[in-house]
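Encoded as structure tokens, the structure appears first; notes follow it.
This chain uses plain numbering: 1 for the first residue, then up along the sequence.
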Amino acid sequence: MSTAYKVKYFLNYVFLRMKSSLYCTSLPTPRTMENSTHFKVFRLAAYGNIGQLKYCYFAVVTVLYFAIILANALLIGVICIERSLHEPMYLFLCALFVNQLYGSTGLFPTLMFYLLSDTHDISLLYCYLQVYVLYTYALTEFSHLAVMSYDRYISICYPLQYNNIMTPKIICGLILLSCSSSSFLNIINISLSLRLQFCGNVLDRLYCDNYSVIKLACSNTTMTNIWGLVVTVVYLYCTIFPTIYSYVRILQICLKSSKETKQKAFNTCTPHIASLLNFSVGCLFVILQSRYETADLPPILRTILLVYFLICPPLFNPLMYGVRMVKIRQACKKVLGLYPKT
């Protein structure tokens with residue numbers, strides 16, 4: 001064998017070894033492949049194995065859902081039918097009840113289905129759809145409550161200019177702004193989340209929650225987290241702070257006003273304040289469970305706290321406004337034919 005041939009053989013050998021080594025190091029390890037998996041479904045682990053109790057839970061959830069539909073639909077119908085209720089305050093209430101039906105529908109049908117189902121897998125697409133519905137419901141609820149506080153502020157602090165300020169065009173604009181702004185912000189939020197890759201697919205929830213979904217991501221979530229912080233700050237600035245300002249001004253006016261004005265302000269503002277506190281507490285329960293470990297709490301209590309903001313406000317707000325506000329109560333009796341016969 002010639003020297004030139006030996007050199008050529010040796011160089012080919014070295015080249016093949018280097019190529020083989022380079023090829024082997026470029027192959028992903030099993031662990032890397034596992035981490036980069038793009039899951040198409042999530043598993044809702046909060047349902048667990050409840051056995052025959054699922055039928056009891058299903059019955060309770062069904063009764064609650066139909067009670068929410070009945071109460072909210074009744075007041076929506078009464079406000080639309082009764083011309084005496086075609087005033088800004090009641091139109092804002094009507095928008096609030098519509099939003100509560102919307103939010104409840106984002107949870108209850110899914111909840112009823114998975115209670116009776118043997119599998120608790122939810123597709124990625126439907127999971128993001130549920131996130132969109134529940135988050136738009138929450139942001140729109142805060143917006144409607146802020147608009148209602150502004151309406152009470154104008155009514156009590158500027159009663160003579162009230163009809164000139166709260167025109168039908170302004171009323172429709174405020175309602176549309178509340179709905180469209182929450183939809184726009186959540187479309188961006190969903191768009192940022194759709195690009196994520198996930199290292200796991202088990203959610204310790206009864207429903208899809210954006211924060212829990214993001215925690216499973218193994219891709220960069222910086223933009224999503226920054227956007228969530230921006231949305232939180234914007235909504236605090238545009239809803240909570242104006243509401244606080246409105247009630248501080250209302251309190252200042254009431255302290256200088258007659259007993260009749262104080263009574264009117266108390267009757268119209270109390271249900272709104274109760275609604276705001278009720279919904280804020282429900283949202284606070286969800287935020288605390290997302291940020292802090294709550295494994296020490298009983299599972300049933302954790303579940304109730306998670307769904308509180310989707311059950312209690314839509315259930316109790318119609319009852320509270322129907323009982324506390326005289327014109328709504330009288331209109332309900334008129335529509336339902338409950339006035340005593342003379």
Side-chain angles (χ1 to χ4, degrees), residues 41-76 97-124 126-135 137-138 141 200-213 216 274-275 277-290 292-323:
V41 295
F42 289 111
R43 180 162 298 165
L44 301 173
Y47 289 92
N49 184 17
I50 55 178
Q52 297 301 311
L53 281 174
K54 64 183 180 181
Y55 298 108
C56 178
Y57 292 150
F58 178 82
V60 172
V61 168
T62 302
V63 170
L64 285 174
Y65 186 40
F66 279 103
I68 288 171
I69 292 175
L70 181 63
N72 286 275
L74 173 63
L75 290 192
I76 292 170
F97 298 145
V98 170
N99 186 57
Q100 289 174 167
L101 282 178
Y102 168 74
S104 298
T105 304
L107 170 71
F108 278 92
T110 305
L111 192 60
M112 293 161 67
F113 172 78
Y114 284 117
L115 280 172
L116 296 182
S117 177
D118 294 328
T119 60
H120 305 124
D121 293 342
I122 183 171
S123 69
L124 188 64
Y126 189 80
C127 184
Y128 279 124
L129 177 61
Q130 190 174 51
V131 168
Y132 173 80
V133 171
L134 297 185
Y135 276 59
Y137 155 72
E141 192 83 351
N201 68 333
V202 179
L203 298 173
D204 188 23
R205 289 287 187 271
L206 290 172
Y207 54 84
C208 283
D209 172 79
N210 194 54
Y211 185 79
S212 300
V213 170
L216 297 176
S275 297
L277 292 176
N278 191 23
F279 187 72
S280 299
V281 167
C283 291
L284 184 63
F285 288 153
V286 176
I287 293 171
L288 291 178
Q289 287 206 60
S290 298
Y292 300 100
E293 184 60 44
T294 57
D296 295 335
L297 295 176
I300 186 66
L301 178 59
R302 279 190 290 146
T303 300
I304 292 172
L305 295 181
L306 274 175
V307 298
Y308 182 94
F309 82 111
L310 289 160
I311 294 179
C312 289
L315 189 62
F316 291 119
N317 282 354
L319 298 177
M320 179 172 55
Y321 282 104
V323 171

Taking side-chain contact (heavy atoms from CB on, under 4.5 Å) as the test, write out the residues that go with [X], two or more places apart.
X: Y126; result: T110, I122, S123, L129
X: A274; result: M320
X: V98; result: I76

Could you list the residues that satisfy side chain to side chain donor-acceptor pair (under 3.5 Å) with [X], not counting sequence neighbours?
X: Y207; result: none
X: T105; result: Y65
X: Y135; result: D209

Between [X] and [Y], which heavy-atom pair has the shortest distance, and what is it?
X: L101; Y: A73; value: CD1-N, 4.4 Å
X: Y137; Y: Y102; value: N-CE2, 4.0 Å
X: V286; Y: L306; value: CG2-O, 3.6 Å

Who are the ring-ring contact (aromatic ring centres under 6.0 Å, His included) partners of [X], not counting sequence neighbours?
X: F285; answer: Y308
X: F97; answer: none
X: Y321; answer: none
X: Y114; answer: Y47

Roughly how far apart are [X] [atom1] and [Y] [atom2], rounded to 0.5 Å?
X: L310; Y: C283; atom1: CG; atom2: SG; result: 8.5 Å
X: R205; Y: C127; atom1: CZ; atom2: SG; result: 11.5 Å
X: C208; Y: L107; atom1: SG; atom2: CG; result: 11.5 Å
X: I287; Y: Q289; atom1: CD1; atom2: CD; result: 11.5 Å

Side-chain donor/acceptor of Q130 to backbone N/O of G106, under 3.5 Å
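Side chain of Q130 to backbone of G106: a pair is present.
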Taking the side chain from N201 and the backbone from R43, do they hold a donor-acceptor pair closer than 3.5 Å?
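Checking the backbone N and O of R43 against the side chain of N201, no donor-acceptor pair under 3.5 Å is found.
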If you look only at pairs with a residue in residues 49-66, which of them pass as a salt bridge (Lys or Arg N to Asp or Glu O under 4.0 Å), with sequence neighbours excluded?
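Residue pairs passing salt bridge (Lys or Arg N to Asp or Glu O under 4.0 Å), neighbours aside: K54-D118.
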If we only count heavy atoms from C-beta on, is the L206 to L44 side-chain gap below 4.5 Å?
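With C-beta onward as the side chain, the pair stays apart.
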Please list every donor-acceptor pair under 3.5 Å in which a side-chain atom of residues 311-318 meets a protein atom from a residue at least two apart or in another chain.
| unit_1 | atom_1 | unit_2 | atom_2 | d |
| --- | --- | --- | --- | --- |
| N317 | OD1 | S275 | OG | 3.1 |
| N317 | ND2 | Q100 | OE1 | 2.6 |
| N317 | ND2 | P313 | O | 3.4 |

Apply side-chain contact (heavy atoms from CB on, under 4.5 Å) to the pair L111 and Y57, showing each step before the final yes or no.
CA-CA 10 Å; L111 192 60; Y57 292 150; over 6 Å; no
